[in-house]
There are 2 protein chains.
Amino acid sequence: MPSPFTRPSSLPEPTVARLPVYQRIAREMVRRGRERADSETLGRLAGVAPATVRRDLAGLGSLGTRGAGYDVAVLAERIEEALGHHEHYDVILIGVGNLGHALVNSSNFLISGAELVGLYDVNPEVIGTDVAGHVVQDFMGELAPATLAVLCVPPSVAQDAADRVVEHNIHAILNFAPQVLSVPIGTAVRYVDFSIELQILAYQLTNGTGPLGGGLIHSLGISRNTPPRSA
Amino acid sequence: MPSPFTRPSSLPEPTVARLPVYQRIAREMVRRGRERADSETLGRLAGVAPATVRRDLAGLGSLGTRGAGYDVAVLAERIEEALGHHEHYDVILIGVGNLGHALVNSSNFLISGAELVGLYDVNPEVIGTDVAGHVVQDFMGELAPATLAVLCVPPSVAQDAADRVVEHNIHAILNFAPQVLSVPIGTAVRYVDFSIELQILAYQLTNGTGPLGGGLIHSLGISRNTPPRSA
DNA sequence: GGATGTGAAGTAGTTCACAGCC
DNA sequence: GGCTGTGAACTACTTCACATCC
């Protein structure tokens, strides 16, 4: 046994991005009463090569059985543990416009472990209203303590909003504004930019789909953050 | 139709994902009356290393000037051309729930060149209503001809919806449902999955931010599609 | 027999460092 | 002098192929 203890230290980012997909598939199989699945099956459902599935899952420790594949209940559990679903995260959301509404009302948005503890806006017409059981607060007032902030504000004020949440000791930001943010070292930012996705598709349409000029049967969108040189 | 002259058959996907960011920055500079910018400045604003900026832009042809940087007007123009903003795309959106609403009403969503030509749903309460100037149609009825479909439907029906748009000769799908899709070769799919992004952040929070245990000053979220082996 | 886990090979993308041109 | 464009080095991830173990 080369690794005495499962190193949670750091999985490759593409792997981390695929784990939630495996998790979803495994949970669904559990729900359907299925017990085991092999890397080929998981790969087909996730749009990933079997070898990649095995390499990804091997990173969580030896949880497969040679000759028999993976126990999907164990798999789901183990992935959830690795992703930190058993921890607790307090989440605040800034900017309760159309998108903010949509996220708050989405059943797929909040993972187990994440709890929405506050909605904020600067628009007086929105402040005080009730959205999905939360009263929208003034972003310029007091903020609830949280570990993660979701930014759904216009790009022109995204940096200001980011500065403010960083001051409130939040070290993780999910930014839906099409605006690159400047944050201190130690703060993680992830971007979701619909327009970029659309543009990539448009590019692929005009330039032939896929790297091989061919196409794809399944495909899995994964993302990662690229930190610049730190020097 | 592709003109093989100045068109380098296909740019790396991470490059394509960054081009919209450079474009936005360049347009903003033009708006502010600025004429030129060097790769270091662009990189700082985009959260990307200067060398990467230069390599990305070199892929569009020689559009910089040694010693003087890039003309931002030319830059914006050239990027837009490469991304296909000068082409025309008819876009349909399936699933006019909270998220569909948010997208349709977002000023950042549709790029120049993309035109929304139809909204569809299966919910009788939604069909017939007017959303942002479009009357929602029955998804089970006739579909407007389009080149690109945006899926904002629940995951349980995402595959059915995908099958249907594929039958209607659409070869590009932007899928917001947390569901991997199976589509024929030649059809491009991109995924936007909020929950995955949140989980990646949660992972980074518990496992120290960034690959080097350090952090990041700027960061740019990029995504790509990973096609499996086509066997 | 059958499928995992993993060294080794392959591939893609980033960054360095400097030649080349303004 | 300054900054681009790019071969070469480096780093990261994926895929192969097979020894390993159930």
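Letters A, B, ... are given to chains in the order of the sequence lines, protein chains preceding strands, and every chain is numbered from 1. Everything numeric here is computed off the predicted structure, so don't read it as measured data.
Ring pair Phe109(A)/Phe194(B) is perpendicular by interplanar angle, where above 60° counts as perpendicular and below 30° as parallel.
Atoms CG (Leu60(A)) and C1' (dG5(C)) sit 13 Å apart, rounded to a whole Å. Regarding Leu11(A), its CG atom lies at a distance of 13 Å from the C1' atom of dC13(D), rounded to whole Å. In this structure, Asp56(B) places its CG atom 10 Å from C1' of dT14(C), rounding to the nearest Å. One can place CG of Leu75(A) at 10 Å from P of dG5(C), the figure rounded to the nearest angstrom. Summarising the geometry, the separation between CZ on Arg36(A) and P on dG2(C) is reported as 16 Å, rounded to the nearest angstrom. Summarising the geometry, the separation between CZ on Arg44(A) and P on dA3(C) is reported as 13 Å, rounded to the nearest angstrom.
Side-chain contact check for His85(B) and Gln199(A): at least one donor-acceptor pair (N or O, by modelled atom type) lies under 3.5 Å.
No side-chain heavy atom of Glu28(A) sits less than 4.5 Å from a side-chain heavy atom of Arg34(A). Ser106(B) has its side chain out of reach of Asn98(A): every pair of non-hydrogen atoms, C-beta onward, lies at least 4.5 Å apart.
For the side-chain hydrogen bond (donor to acceptor under 3.5 Å, both in side chains) with Gln23(B), the qualifying choice from Arg78(B), Glu80(B), Arg18(B) is Glu80(B), the only one to do so.
Considering only side-chain atoms of Thr52(B), the nucleotide from dG13(C), dT14(D), dT14(C) that sits closest is dT14(C).
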Strictly under 3.5 Å: I want the nitrogen or oxygen pairs between protein and nucleotides 4-8 of chain D, one per line.
unit_1	atom_1	unit_2	atom_2	d
dT4(D)	OP1	Ser39(B)	N	2.8
dT4(D)	OP2	Ser39(B)	OG	2.8
dT4(D)	O2	Arg66(B)	NH1	3.1
dG5(D)	OP1	Leu63(B)	N	3.3
dG5(D)	OP1	Gly64(B)	N	3.0
dG5(D)	OP2	Tyr70(B)	OH	2.9
dG5(D)	O4'	Arg66(B)	NH2	3.2
dG5(D)	N7	Arg54(B)	NE	3.0
dG5(D)	O6	Arg54(B)	NE	3.4
dG5(D)	O6	Arg54(B)	NH2	3.1
dG7(D)	N7	Arg55(B)	NH2	3.4
dG7(D)	O6	Arg55(B)	NH2	2.5
dA8(D)	N6	Arg55(B)	NH2	3.3

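Tyr203(A) places a side-chain N or O within donor-acceptor distance of the main-chain N or O of Leu11(B), the cut-off being under 3.5 Å.
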